[in-house]
Amino acid sequence: MKLNPGQNEAVHYVSGPCLVLAGAGSGKTRVIINKIAYLVEKCGYKARNIAAVTFTNKAAREMKERVAQSMGRKDARGLWISTFHTLGLEIIKREHKVLGLKAGFSLFDDQDTFALLKELTEDELDEDKDLIKSLASAISNWKGGLVIPQQAKNMAKDEQSQLFAMLYQRYAQHMKSYNALDFDDLILIPTLLLRMNEEVRTRWQTKIQYLLVDEYQDTNTSQYELVKLLVGERSRFTVVGDDDQSIYSWRGAKPQNLVLLGTDYPRLKLIKLEQNYRSSQRILRAANILIANNPHVYDKALFSELAYGEPIRILIAANEEQEAERVVAEIIRHKFVGRTKFGDYAILYRGNHQSRLLERALITNRIPYKISGGKSFFSRAEIKDIMGYLRLVVNPDDDNAFLRVVNLPKRGIGPATLERLGHFANQKHISLFEAIFDVELNHHLAPAAVNSLYQFGTFIVDTGEVATRGEPVEAIKQLIRKINYEDYLYETSTSAKAAEMRMKNISELYRWVTEMLEGDELDEPMTLPEVVTRLTLRDMMERNSEDEGGDQVQLMTLHASKGLEYPFVFMVGVEERILPHQSSIDEENVDEERRLAYVGITRAQRELWFVICRERRQFGETIRCEPSRFLLELPQDDLIWENRKPVQTEQQRVETGKSHIANLRDMFKKES
DNA sequence: CAATATCTCCTTTTT
DNA sequence: GGAGATATTG
């Protein structure tokens, strides 16, 4: 396929820093892929000296695959295509000596982090969930903004932030003694390292000679800085982004980085991609009109040369059960009429919990579906159990992992025993695991308890030895067998069927681990510690969802839909307090929700439905729902509201003396 | 003291 | 409708 002039320019401009403003569906991925190929084939770069950073593992995976197809597997080998987090992990891994980190560090996911914070702040925060959560996000913000604990303390003005800064410091100390890192560390640590250590900086600047960054509007301060440090003086890079698709500011993303880049690099070349190849003109028009309500830094005029297309429909359901049924019925009808595939349909929603009823409706109608993101594979108890074991084997100082698995299956080690063990370990400033082997433990615990603990500890050590001896696959096999995990599942599950399901999940995990340990044509073999950290980044899960690509209706959150496209898209729950979400209305941050709606709309290629309810059950009470303000902002002549004359004429407007929008609101109220 | 049964809270988005 | 804390039993 030929590139249009803008795309062409973006691909061939390689002499300096380059910013590509790429509207939705304007072929930005194609630009990146072509550019990588161009750099290797025409500019003399070696694959191993080019890095491309994407926002999700899935996107990285896809890009790797597409690049490999376009330039041949051999040439593509060695390219660094990953997320920021995986790149950071790689840097940490290779520089762990300089950093003074032990090789087998644990990667804490946010649940681990939460558990640790809860533990550490019992006295100060009194187990208050909301407080702990805001502490967690404060810490995450600090880390994302490159603020270390000492600086946080210095900057703290009020009492609350002083307390939080102090707890941040305590958290950091404990993470260190657990030999653990959290997600934010994966960016923070490499950035600080590159900033302070010239030798390391030079090494990485030599290694990565050209850097490409996708979804640039989602970078936060530390990622911005990391990019800057990696590209150095040469500043050979291309970043691609779209401020209208910035939907992650709640976790520190700074779309202003798009502007900042212009001041930091005066020679920055700005290229706009404005032709949309994805959506019908009508869908694009709706999206453009909606997003025009937001402020803009760079003006952008997206256009499409595709057909004008079908009207956008708004389905109105009495309640949330009906909402799900309506969607499913419409898919069945539409598929029958249009002879389409289930895989052509996507259902998008604001929050993960909204998927439940949809799932149920799909199941009862025997429609195959795939639900991505959300309550993932990795939050299943059985997976967390086995991962807990693996983490402990790799890094015995990981107290979180220890606590998860020490009495699983039951080994007669109850809370009382653990309480004492914890107290003892705390006094001696050692990990729980080390405490087991301390001779003085006898003075604090009954012999039976000490013995159970000792047995457990020895078991972990033994497994670790098998793994390091070069037989990690064998070690995992033994592990699952020796803890009688299968029996445990059958005993604890409510039905044999459920146990079977869980065991299947375990086999799946086992398969992935084995694959990663052994490597394949695109990926090098990994060590067990690497596998464990990579799985925590949910790397494998997303890879898997691809080859499972049967003919299935796709369900996902609006956030998860970014970067994807589907011929037919349903957006459900497009109501006030859901699609602008209540909290964003309270915080007066509706613009970001509008961008979220914009992202959803621009996923659609051919047809688009919005679905709303008149009322919905929210924990016991039924509450009335109002259509989202975004629906009222759309061009009404492109919409068909169900059971209703679509458009108010100019005459009606004059007669009633009310605005278009007020009238629509009235109509909705009368009917419900 | 450990294992199981009941009751409560809360539900934005994710690397 | 699910996880986590509390009440009850073995």
Side-chain angles (χ1 to χ4, degrees), chain A residues 53-60 82-89 107-111 113-115 118 127-130 133 136-137 140 143-144 181-188 215 218-220 222-223 246-253 320 348-357 359-360 372-376 378-381 384 407-420 446 448-449 452 491-492 533-534 536-539 541-542 556-562 573 577-587 589 592-593 595-597 599-600 616-620:
Chain A
V53 178
T54 61
F55 192 63
T56 64
N57 287 305
K58 185 177 182 177
S82 69
T83 61
F84 267 112
H85 294 267
T86 309
L87 177 64
L89 179 63
L107 186 55
F108 274 26
D109 65 20
D110 35 358
Q111 286 179 50
T113 299
F114 185 84
K118 191 171 158 194
E127 307 226 321
D128 181 328
K129 264 191 187 165
D130 292 337
K133 270 193 189 143
S137 79
S140 181
K143 290 192 174 188
L181 304 178
D182 62 26
F183 282 168
D184 298 312
D185 287 331
L186 296 181
I187 315 292
L188 175 70
E215 306 284 12
D218 290 327
T219 54
N220 62 23
S222 60
Q223 290 165 336
S246 159
I247 52 176
Y248 285 100
S249 69
W250 50 273
R251 67 170 214 216
E320 56 200 319
L348 310 181
Y349 36 80
R350 176 68 233 257
N352 283 304
H353 61 279
Q354 291 175 271
S355 68
R356 259 197 6 255
L357 290 167
E359 270 190 273
R360 195 156 74 190
S372 56
K375 47 143 188 67
S376 71
F378 285 89
S379 59
R380 289 169 194 276
K384 292 223 114 182
N407 200 29
L408 188 149
K410 304 273 181 287
R411 293 188 179 89
I413 302 171
T417 309
L418 290 174
E419 178 71 30
R420 282 183 209 151
S452 314
E491 278 160 30
T492 53
T533 46
R534 288 294 272 267
T536 310
L537 277 174
R538 290 154 171 71
D539 204 351
M541 188 185 77
E542 282 153 341
M556 69 196 85
T557 62
L558 287 161
H559 282 89
S561 76
K562 192 163 67 147
R577 359 168 128 220
I578 298 185
L579 193 40
H581 192 270
Q582 183 63 53
S583 48
S584 61
I585 297 174
D586 297 340
E587 292 159 32
N589 189 22
E592 177 139 321
E593 300 283 306
R595 289 193 289 269
L596 199 50
V599 166
R616 133 186 338 264
R617 296 191 84 75
Q618 195 174 65
F619 135 89

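Model, not experiment: these values are computed from the prediction. Any value given below was found using the heavy atoms of this structure, including those in side chains, with hydrogens, waters and symmetry copies removed. In what follows, chains carry the letters A, B, and so on, assigned in the order in which the sequence lines appear, proteins first and then strands, with residues in each chain numbered from 1.
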message: Any side-chain N or O of A:T557 below 4.0 angstrom from OP1/OP2 of B:dT14?
response: yes
message: For a quick check of understanding: with a heavy-atom distance under 4.0 Å over all strands, which category does A:S584 fall into, base, sugar-phosphate or nothing?
response: nothing
task: Starting from C1' on B:dT15, measure out to CD on A:E215 and report it in whole angstrom.
output: 13 Å
- request: Could you tell me whether A:D184 contacts a base, only the sugar-phosphate backbone, or nothing, with contacts defined as non-hydrogen atoms closer than 4.0 Å?
  value: nothing
message: When you measure from the side-chain N and O atoms of A:T417 to the phosphate of B:dA2, is any distance below 4.0 Å, counting only OP1 and OP2?
response: yes
N/O-N/O pairs, protein side and nucleotides 4-8 of chain C side, under 3.5 Å:
{"from": "C:dA5", "atom 1": "OP1", "to": "A:K118", "atom 2": "NZ", "distance (Å)": "2.3"}

task: Would you indicate what A:R616 reaches in the nucleic acid, counting non-hydrogen atoms under 4.0 angstrom: base, sugar-phosphate, or nothing?
output: nothing
message: So, OP1 or OP2 of B:dT11: does either fall under 4.0 Å of a side-chain N or O from A:K133?
response: yes
message: Please report the distance, rounded to the nearest Å, between CD in A:Q354 and C1' in B:dT11.
response: 10 Å
query: Is A:R534 near enough to B:dT15 that one of its side-chain N or O atoms lies under 4.0 angstrom from OP1 or OP2?
result: no
statement: Against the side chain of A:W250, the closest entry in B:dT15, B:dT13, B:dT12 is B:dT13
message: So for A:S583 and B:dT12, does any side-chain atom that can act as donor or acceptor lie under 3.5 Å from a complementary atom in the base?
response: yes
field: A:S249 to A:N589 - nearest heavy-atom pair and separation
entry: OG-ND2, 4.3 Å
- request: State whether the aromatic ring of A:H559 stacks on the base of B:dT13, taking stacking to mean ring centres under 5.5 Å apart and ring planes under 30° to each other.
  value: no
message: Would you say A:N407 places a side-chain N or O within less than 4.0 Å of OP1 or OP2 belonging to B:dA3?
response: yes
message: With a cut-off of less than 4.0 Å, is there a side-chain N or O of A:N352 near OP1 or OP2 of B:dT13?
response: yes
- prompt: Salt bridge between A:K562 and A:D218, side-chain N to carboxylate O under 4.0 Å?
  reply: yes
statement: Rounding to 0.5 Å, atoms CZ (A:F55) and OG1 (A:T219) come to a distance of 9.5 Å
- request: Determine the contact category for A:R595: base if any of its heavy atoms lies under 4.0 Å from a base atom, sugar-phosphate if only primed atoms, P, OP1 or OP2 are that close, otherwise nothing.
  value: nothing
query: So, is A:R577 close to the B:dT12 phosphate, meaning a side-chain N or O under 4.0 Å from OP1 or OP2?
result: no
query: With a centroid cutoff of 5.5 Å and a plane-angle limit of 30°, would you call A:F84 stacked on B:dT15?
result: no
